[in-house]
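Convention: sequence-line order gives letters A, B, ...; per-chain numbering from 1.
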2 protein chains.
Amino acid sequence: MTTFDHSSTPAQSDLVELLHRRGQRSTPQRNVILRELRRRVRHATADEIRAAVRDELPGTSTPTVYATLDLLVELGLARRIDTGLGAALYDGRTDPHQHLVCRRCGRVDDLDVALDEAPFVTAAGANGFDAESVELLVCGLCSDCAPAALPSER
Amino acid sequence: MTTFDHSSTPAQSDLVELLHRRGQRSTPQRNVILRELRRRVRHATADEIRAAVRDELPGTSTPTVYATLDLLVELGLARRIDTGLGAALYDGRTDPHQHLVCRRCGRVDDLDVALDEAPFVTAAGANGFDAESVELLVCGLCSDCAPAALPSER
DNA sequence: ATTGGTGCAAATCCTTTGCAATAGC
DNA sequence: GCTATTGCAAAGGATTTGCACCAAT
């Protein structure tokens, strides 16, 4: 196999089964964090998720939010985007898409251009590397920042 | 234009001219850091570069190393790799190539598979985004970690 | 009852900032 | 001489750890 399963988004309720299959537990925190992540249009930082989750689960702690987001990524229900500009972003979309990263304001937008991952996964395998995912980032200046940038920074 | 200039690595001496053209100065720190970055086979963290540079320029400070590496990236003489696993890595190779990132040990290797950036750059432009570079990371387990990983973490 | 999960506080790690001193041009 | 660059120390921000308590199975 040279590609990944990119089937459609699992239902919210599937989280319970995914967890139980691994001997892990369904908790209010996990359910609410996944729901919150999916409700969002824009990508969110762990801290933004925590702020939002607090309406429903007031005591929710930062370490729990991080642990849960990492777990969701591991379960294939979320993606983590590391841009190197401030905090990592979490993305509830699980279907294949890429990201546009503005190096000036840090904004990250989705980019829906198909990427054929097969050659990369195959070449990785030839190096003894077990590929799990391919992330493509287009870095540059977003529509707000491009005009504002001085010639020297372009 | 829908692609970038990926011409061959500039000579060390060109750094001086690149800097002067921007009204910036050639300093021993900048020259030594670039030389060190290019000498390396494996990618290096800012701190590793600092440790290496200290042999030649004992006083070199952390902020200078970070500032210089950022400058080299801006000048197109280096790339910064943000994996989200520990410190950022700097890569002195300027010709097009991708990266393999082991999520377990953090090791990053080069992957020489051609990527056609054009469709991504074009689509970015259609969104009003001014693309400057495209980064592709293949995430997974390296040859050392894949056998060691427990079934549950694979 | 078991043991996985949570919250709290604190620690750690990476990177940037402020500022006075230095050194290219 | 002008001002970019440096080093130092310290701050800042993101994420993780240790541990006691709690709760899902």
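- Judged purely by distance below 3.5 Å, without hydrogens or angles, the side chains of Arg50(B) and Thr60(B) never pair a donor atom with an acceptor atom.
- Between Arg93(B) and Asp112(B) there is a salt bridge, with a side-chain nitrogen of the basic residue lying less than 4.0 Å from a carboxylate oxygen of the acidic one.
- Note: Cys142(A) SG to Arg107(A) CZ = 4.5 Å, rounded to the nearest 0.5 Å.
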(message) Within the 4.0 Å limit for protein heavy atoms, which parts of nucleotides 14-19 of chain C are touched? Write it as a string from 5' to 3', B for base, S for sugar-phosphate only, - for none.
(response) SBBB--
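- Atom-to-atom, CZ of Arg54(B) to C1' of dT6(D) comes out at 13 Å; the value is rounded to the nearest Å.
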Dump every N/O contact between nucleotides 2-5 of chain D and the protein below 3.5 Å, one line per pair.
residue: dT3(D); atom: O2; partner: Arg25(B); partner atom: NH1; Å: 3.1
residue: dT3(D); atom: O2; partner: Arg25(B); partner atom: NH2; Å: 2.8
residue: dA4(D); atom: O4'; partner: Arg25(B); partner atom: NE; Å: 3.4
residue: dA4(D); atom: O4'; partner: Arg25(B); partner atom: NH1; Å: 3.4
residue: dA4(D); atom: O4'; partner: Arg25(B); partner atom: NH2; Å: 3.2
residue: dA4(D); atom: N3; partner: Arg25(B); partner atom: NH1; Å: 3.1
residue: dT5(D); atom: OP1; partner: Arg25(B); partner atom: N; Å: 2.9
residue: dT5(D); atom: OP1; partner: Arg30(B); partner atom: NH1; Å: 2.5
residue: dT5(D); atom: OP1; partner: Arg30(B); partner atom: NH2; Å: 3.3
residue: dT5(D); atom: O5'; partner: Arg30(B); partner atom: NH2; Å: 3.2

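- A salt bridge between Glu74(A) and Arg22(A) is present, with a side-chain N of the basic residue lying under 4.0 Å from a carboxylate O of the acidic one.
- Distance, Asn31(A) CG to dG5(C) P: 13 Å, rounded to whole Å.
- Checking side-chain atoms of Glu48(B) against main-chain N and O of Thr45(B) turns up a donor-acceptor pair under 3.5 Å.
- Evaluation of the salt bridge (Lys or Arg N to Asp or Glu O under 4.0 Å) rule for Arg40(A) yields Glu36(A) as partners, not counting sequence neighbours.
- As a whole-Å value, the separation of Glu17(B) CD from dC25(C) C1' is 16 Å.
- For the pair Leu57(A) CG and dG5(C) P, the interatomic distance rounds to 16 Å; values are reported in whole Å.
- Sequence neighbours left out, the pairs with a member in residues 84-122 of chain B that pass ring pair (Phe, Tyr, Trp, His ring centres under 6.0 Å) are His43(B)-His99(B), His97(B)-His99(B).
- Defining each end axis of the helix from dA1(C)-dT25(D) to dC25(C)-dG1(D) as the rotation carrying four pairs' C1' atoms onto the next four, with five pairs an end, the two axes are found to diverge by 40° to 10 degrees.
- For the pair Leu89(A) CG and dA14(D) P, the interatomic distance rounds to 11 Å; values are reported in whole Å.
- Taking a cutoff of 4.0 Å between a charged side-chain nitrogen and a carboxylate oxygen, Arg80(B) and Asp91(B) do not qualify as a salt bridge.
- Asp116(A) contributes a side-chain N or O that, together with a main-chain N or O of Ala118(A), makes up a donor-acceptor pair within less than 3.5 Å.
- Under the rule for a ring-ring contact (aromatic ring centres under 6.0 Å, His included), His20(B) has no partner lying at least two apart in sequence or in another chain.
- In the model, Asn31(B) has a side-chain atom that pairs as donor or acceptor with a side-chain atom of Ser26(B) under 3.5 Å.
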